[in-house]
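Okay, structure first, notes after.
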Amino acid sequence: SGYISVKELQAALVNNNWSAFSADTCVLMLNLFDRSGSGRMDVYGFSALLRFIQQWRSLFQQYDRDQSGSISFEELQQALSQMGYRLSPQFSQLLLSRYAPRSSNPSIQLDRFIHICLQLQSLTDAFREKDTALAGSVRLAYEDFLTMVVTRML
């Protein structure tokens with residue numbers, strides 16, 4: 001067809017352990033590179049996406065200190081800190097429990113690492129729009145909070 005759908009994108013992308021990228025991460029990335037808003041990506045968008053993923057893969061490998069092919073809790077916490085996020089260990093654990101397969105030693109693959117980082121960046125941008133004084137806190141009505149989150153969900 002000359003366009004790539006979410007299903008085709010998922011079939012094309014693999015993590016370090018050869019598992020397919022998650023469907024929700026593929027939707028997120030397709031939405032980033034779908035210039036027409038059609039839910040499909042043309043060859044130019046796909047080419048840009050591949051460069052984008054390669055940049056994330058390099059970053060992922062930098063933070064995968066033990067070269068296991070996945071990011072552990074400690075590696076995730078250190079990566080987020082080095083990216084400028086000041087998050088508690090409890091929040092990093094929450095992210096890991098949300099995005100990692102359940103196991104005694106949970107870790108995330110490349111696709112989930114990209115997903116987490118893109119979501120954090122988007123939500124941080126939304127927060128900064130409200131935190132004009134750069135105080136690190138804002139007062140929001142509940143519906144304003146929901147609107148902020150829903151409009152920034154990728």
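No donor-acceptor pair under 3.5 Å is formed between the side chain of N15 and the backbone N or O of N17. For S97 (side chain) and L94 (main-chain N/O), a donor-acceptor pair under 3.5 Å exists by modelled atom type. Within the 3.5 Å criterion, the main-chain N or O of Q77 finds no donor-acceptor partner in the side chain of S81. The backbone N or O of V138 lies less than 3.5 Å from no partner atom in the side chain of D131, so there is not a single donor-acceptor pair.
Shown are T25, V27, L30; of these, the side chain to side chain contact (heavy atoms under 4.5 Å, CB included) with L9 is made only by L30.
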Checklist entry - Is there a side-chain hydrogen bond (donor to acceptor under 3.5 Å, both in side chains) between R51 and S47 once you walk through the steps? => result CA-CA 7 Å; R51 287 189 303 274; S47 177; 2.9 Å; yes

Item to check | E75 and D66: CA distance, side-chain angles, deciding distance, side-chain contact (heavy atoms from CB on, under 4.5 Å) verdict | outcome: CA-CA 9 Å; E75 291 167 334; D66 63 2; 3.0 Å; yes

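With sequence neighbours excluded, no residue forms a salt bridge (charged side-chain N to carboxylate O under 4.0 Å, His left out) with E74. Partners of Q62 under the side-chain hydrogen bond (donor to acceptor under 3.5 Å, both in side chains) rule, at least two apart in sequence or in another chain, do not exist in this structure. Remark: F33 engages F52 in a ring-ring contact (aromatic ring centres under 6.0 Å, His included) (not counting sequence neighbours). Partners of F21 according to the ring-ring contact (aromatic ring centres under 6.0 Å, His included) rule, which considers only residues two or more places apart in sequence or in another chain, do not exist here. Every residue two or more places apart in sequence or in another chain that forms a side-chain contact (heavy atoms from CB on, under 4.5 Å) with Y3 is listed here: S1, R40, D42. Remark: F46 engages no residue in a ring-ring contact (aromatic ring centres under 6.0 Å, His included) (not counting sequence neighbours). Under the side-chain contact (heavy atoms from CB on, under 4.5 Å) criterion, V14 pairs with W18, sequence neighbours left out. By the side-chain contact (heavy atoms from CB on, under 4.5 Å) test, E143 is found to be paired with T147, residues two or more places apart in sequence or in another chain being considered. In this view, S92 satisfies the side-chain hydrogen bond (donor to acceptor under 3.5 Å, both in side chains) rule with no residue, not counting sequence neighbours. In this structure R102 satisfies the side-chain contact (heavy atoms from CB on, under 4.5 Å) test with no other residue, sequence neighbours excluded. In terms of the side-chain hydrogen bond (donor to acceptor under 3.5 Å, both in side chains) criterion, residue partners of R65 (sequence neighbours excluded) are, by chain and number, Q78, Q82.
Between F60 and F113, the ring-plane angle classifies as perpendicular under the 30° and 60° cut-offs.
Each ring pair (Phe, Tyr, Trp, His ring centres under 6.0 Å) pair with one or both residues in residues 63-94, not counting sequence neighbours, would appear here, but there are none.
Counting all heavy atoms, side chain and backbone alike, A100 lies closest to S107 at CB-O, 3.3 Å.
Side-chain heavy atoms closer than 4.5 Å link hydrophobic residues (I, L, V, M, F, W, Y) into clusters, and following such links, even through other members, never connects V43 to M29.
Distance check, rounded to the nearest 0.5 Å: CE of M83 to CD1 of I116 gives 9.5 Å.
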